[in-house]
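I have placed the structure first, in the form of structure tokens, so that the comments after it can refer back to it.
What you see is a predicted model, and the numbers here were worked out from it, not measured in a lab.
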Amino acid sequence: YEGPNGGPNHDGYQSATRKSYLYHTSTGTWSATGLMAIAHEAGFYFPLPGNKAIVIGGYVKFTPGPAAGNFTSFSNTSEIYCGGSFSGSTVLPPVTRRDHTGEDDIVSAGLRGGRSRAGAVATKKYIVLVGGQYGSAVDSDGSQLLYRSSIIVYDIHANSWAVSRVAMPYKVTESLCFALDDDNILIAGGENWDIGGLATPKTFIFCIPKATLTPSTDMPTVYRTWEYPV
């Protein structure tokens, strides 16, 4: 997001930006390129084959106020970047009772599929988002936030999203995800929202095409979100 100042409470920021830029390795310079259809602040970004990229989910808008988390809505789309512009805006798959847990049965149509703070990883075949945060219009009232246990998968070659038949055994945000090979990922840690957002040492192996989730060895130390970079 951007705005006239960056005070401690972000009071000068007006909205998440739709701008994007290209970095030219040959000249070491930046240049403006296409606008995203909507903002994807704190979303997920991955390169795709054929000089393309995809941007997924995140927050739509940031409003001034006393709390640093005053986001008013969640992005529920993905967009493909290619040749200077974004196109193919696709709504992320809602999680309904037919799919797994019925997460999106309780929110308005415009929020279904919205996802931020998920675990995210790409293999050569797939992009996977694990869990995440969504909900009604979000401000400093945390009671408006909802959390996901579902897993969604983007098939890179088919250019399509689907809800996996399996889900995490608890609602989780900000798990760490690592590609083990083309079809398998490791899901590690995160914040377990079935117990109030406490950090978890649990890890799992998710086989994407088989839709199996196998518990693995617990991490020896429980890491909070802000400790992950180290």
Side-chain angles (χ1 to χ4, degrees), residues 1-3 13-63 71-96 98-99 103-104 107-138 148 150-164 177 179 182-183 185 208-209 211:
Y1 46 86
E2 62 180 355
Y13 289 103
Q14 298 302 309
S15 64
T17 182
R18 295 167 51 220
K19 297 175 183 177
S20 62
Y21 299 86
L22 285 178
Y23 179 75
H24 304 272
T25 57
S26 60
T27 60
T29 58
W30 291 92
S31 64
T33 186
L35 291 177
M36 294 176 282
I38 65 170
H40 294 272
E41 200 281 330
F44 313 96
Y45 314 88
F46 294 98
L48 295 176
N51 292 321
K52 298 179 181 179
I54 188 169
V55 54
I56 310 161
Y59 299 107
V60 175
K61 186 175 173 61
F62 181 91
T63 57
F71 295 98
T72 60
S73 191
F74 290 82
S75 294
N76 67 346
T77 63
S78 63
E79 302 181 47
I80 303 293
Y81 176 83
C82 180
S85 64
F86 287 86
S87 63
S89 183
T90 302
V91 176
L92 301 179
V95 183
T96 65
R98 278 193 230 174
D99 291 316
E103 292 168 352
D104 285 297
V107 298
S108 62
L111 290 170
R112 289 172 190 163
R115 198 173 293 242
S116 188
R117 295 183 64 201
V121 66
T123 74
K124 291 182 179 179
K125 296 180 180 179
Y126 307 101
I127 294 171
V128 181
L129 298 188
V130 177
Q133 181 188 72
Y134 72 122
S136 57
V138 177
R148 297 189 183 275
S150 59
I151 300 172
I152 59 172
V153 177
Y154 176 71
D155 186 314
I156 293 173
H157 298 291
N159 186 28
S160 63
W161 285 96
V163 179
S164 176
C177 297
D182 290 352
D183 294 327
I185 68 170
I208 304 165

Would you list the pairs meeting ring pair (Phe, Tyr, Trp, His ring centres under 6.0 Å) in which at least one residue belongs to residues 24-53, sequence neighbours left out? Y23-W30

Would you please name every residue forming a side-chain contact (heavy atoms from CB on, under 4.5 Å) with [X], sequence neighbours left out?
| X | answer |
| --- | --- |
| T33 | S20, L22, Y81 |
| N76 | V91 |
| D182 | K124, K125 |
| S116 | A42, Y59, F74 |

Locate the shortest heavy-atom distance separating [X] from [Y]; write the atom from each residue and the value.
| X | Y | result |
| --- | --- | --- |
| L129 | A118 | CB-CB, 4.3 Å |
| L35 | K19 | CD2-CA, 3.8 Å |
| C177 | V130 | SG-CG2, 3.9 Å |
| G114 | R148 | O-NH2, 3.0 Å |
| R18 | A37 | NE-O, 3.5 Å |
| I156 | P49 | CG2-CD, 3.7 Å |

Given side chains that start at C-beta, do those of [X] and [Y] come closer than 4.5 Å, heavy atoms only?
| X | Y | result |
| --- | --- | --- |
| F86 | I80 | no |
| S31 | Y21 | no |
| N51 | C82 | no |

Could you measure the distance from the [atom1] atom of [X] to the [atom2] atom of [Y]? Nearest 0.5 Å is fine.
| X | Y | atom1 | atom2 | value |
| --- | --- | --- | --- | --- |
| T17 | E41 | OG1 | CD | 10.5 Å |
| T77 | M36 | OG1 | CE | 10.0 Å |
| I54 | I127 | CD1 | CD1 | 5.0 Å |
| T90 | I56 | OG1 | CD1 | 10.5 Å |
| S164 | I152 | OG | CD1 | 10.5 Å |

Is a side-chain donor or acceptor of S75 paired with a backbone partner of A39 at a separation under 3.5 angstrom?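 Between the backbone of A39 and the side chain of S75 there is a qualifying donor-acceptor contact (under 3.5 Å).
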
Quick check against the 3.5 Å criterion: does R117 have a side-chain atom that pairs as donor or acceptor with the backbone of Q133?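 It does not hold such a pair.
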
Go through the steps for I38 and E79 under the test side-chain contact (heavy atoms from CB on, under 4.5 Å), then give the verdict. CA-CA 9 Å; I38 65 170; E79 302 181 47; 3.9 Å; yes

Looking at I208, V128, D183, which hits side chain to side chain contact (heavy atoms under 4.5 Å, CB included) with T123? I208

Residues in salt bridge (charged side-chain N to carboxylate O under 4.0 Å, His left out) contact with R115, at least two apart in sequence or another chain: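 By the salt bridge (charged side-chain N to carboxylate O under 4.0 Å, His left out) rule, R115 matches no residue at all.
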
L111/Y134 under side-chain contact (heavy atoms from CB on, under 4.5 Å): CA gap, chis, key distance, verdict: CA-CA 8 Å; L111 290 170; Y134 72 122; 5.7 Å; no

